[in-house]
Amino acid sequence: MQIITTKAELERSIQACKMKGQTIGLVPTMGALHEGHASLVRRCVSENDVTVVSVFVNPTQFNNKEDLAKYPRSLERDAALLETIGASFVFAPAPEEMYTAKEMNETFTFDFGGLDSMMEGAMRPGHFNGVVQVVSRLFYLVQPDRAYFGEKDYQQLAIIHFMAERSELAGTFGNLQIIGCPIVRESSGLALSSRNERLSAEEKQTALAISKTLFASLEWAKEPNASVQAVQQRVIDTINAVEGLEVEYYQIVDQTSLLPTDTFKHAIGCVTVYCGPVRLIDNIKY
Ligand code: PAF
């Protein structure tokens, strides 16, 4: 496994693989890798000749400077894990390698066909523009056949699908396939997240109420006369009743359009909860 820090070296290495006719898979990450990332990388290794994992805490997708500063960074540990899984290249550039000073500060605006108007898009203005800015750049550099993303960031996955298929960027990435992979959970039910590293042992225990409530809501949805509105509110009230947790939003939406829905068919519930100062997200399909 090779660790690459410059775009020029990455492009040279990719070119060499393409010349050999090798298929290329990409797993974009911000590092602080856990078993959820490992599951994406394993799948990528099993489906492609070459696996590129990017480890880059992308400054342009953080609308909160403190969140960016506190984001865990652990390249050495990440690289050791990726080597055991069989990644071919780790691309770990510095922010200045990815962006000019102007790009770092300029507000990029992409049209996501409304997919960014609710939930994370509404709470974190500019977040998805920053995500697409970095992901599209990675797609240009790596020219992957397949790219792998976790379903925990469900809205992000929907927006990346849109970008690769329907936006003004469509067609630029050849036959790129975007592959969504299921959420990986601890045996307790807690969705794995790099942000969990910032939870104290007590907060981690408190955070279990999030997934527990989401799973309970699958049963509430089956109750006679259950309405989406009522289940949505019950999830919010149940989580907010736990000391130390505060729901930012819980929305049950259509799995494709992400628009509010009044039926549980093809619906997904997406939640963001503050556990102390740590912002956690999770979701459940009905
Ligand atoms: O999901 C993430 O970790 C990030 O948003 C991504 C896709 C790596 C872009 O920085």
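Order of appearance sets the numbers: ligands from 1, and atoms from 1 within every ligand.
With ligand atoms numbered from 1 in the order given, ligand 1 contributes 3 (O), 4 (C), 8 (C), 10 (O) to contacts under 4.0 Å with heavy atoms of Met30. Below 4.0 Å from some heavy atom of Pro28 lie the following atoms of ligand 1, by number and element: 8 (C). Taking every non-hydrogen atom of Thr29 and a distance limit under 4.0 Å, the qualifying atoms of ligand 1 come out as 8 (C). Using a 4.0 Å cut-off to heavy atoms of Val134, the atoms of ligand 1 that qualify are 9 (C), 10 (O).
Neither the backbone nor the side chain of Ile160 comes within contact range of ligand 1; no heavy atom lies under 4.0 Å.
The shortest contact between atom 2 (C) of ligand 1 and any protein heavy atom is with Gln156 NE2, 3.9 Å. Annotation: atom 10 (O) of ligand 1 to nearest protein heavy atom, Gln61 OE1, 2.6 Å.
The aromatic rings of Phe139 and Phe149 sit perpendicular to each other, their planes meeting at more than 60°, with 30° as the lower class boundary. Between His34 and His37, the angle of the ring planes lies from 30° to 60°, which puts this pair in the tilted group.
Looking at heavy atoms from C-beta onward, Val273 lies out of side-chain contact with Glu246 at the 4.5 angstrom threshold. Side-chain contact between Ile210 and Leu245: present, with at least one pair of heavy atoms (C-beta onward) separated by less than 4.5 Å.
In this structure a side-chain-to-backbone donor-acceptor pair under 3.5 Å is present from Thr29 to Ser54.
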| request: Dump the intermediate steps for ring pair (Phe, Tyr, Trp, His ring centres under 6.0 Å) on Tyr71 and Phe62, then the final yes or no. | output: CA-CA 10 Å; Tyr71 202 87; Phe62 286 82; 5.7 Å; yes
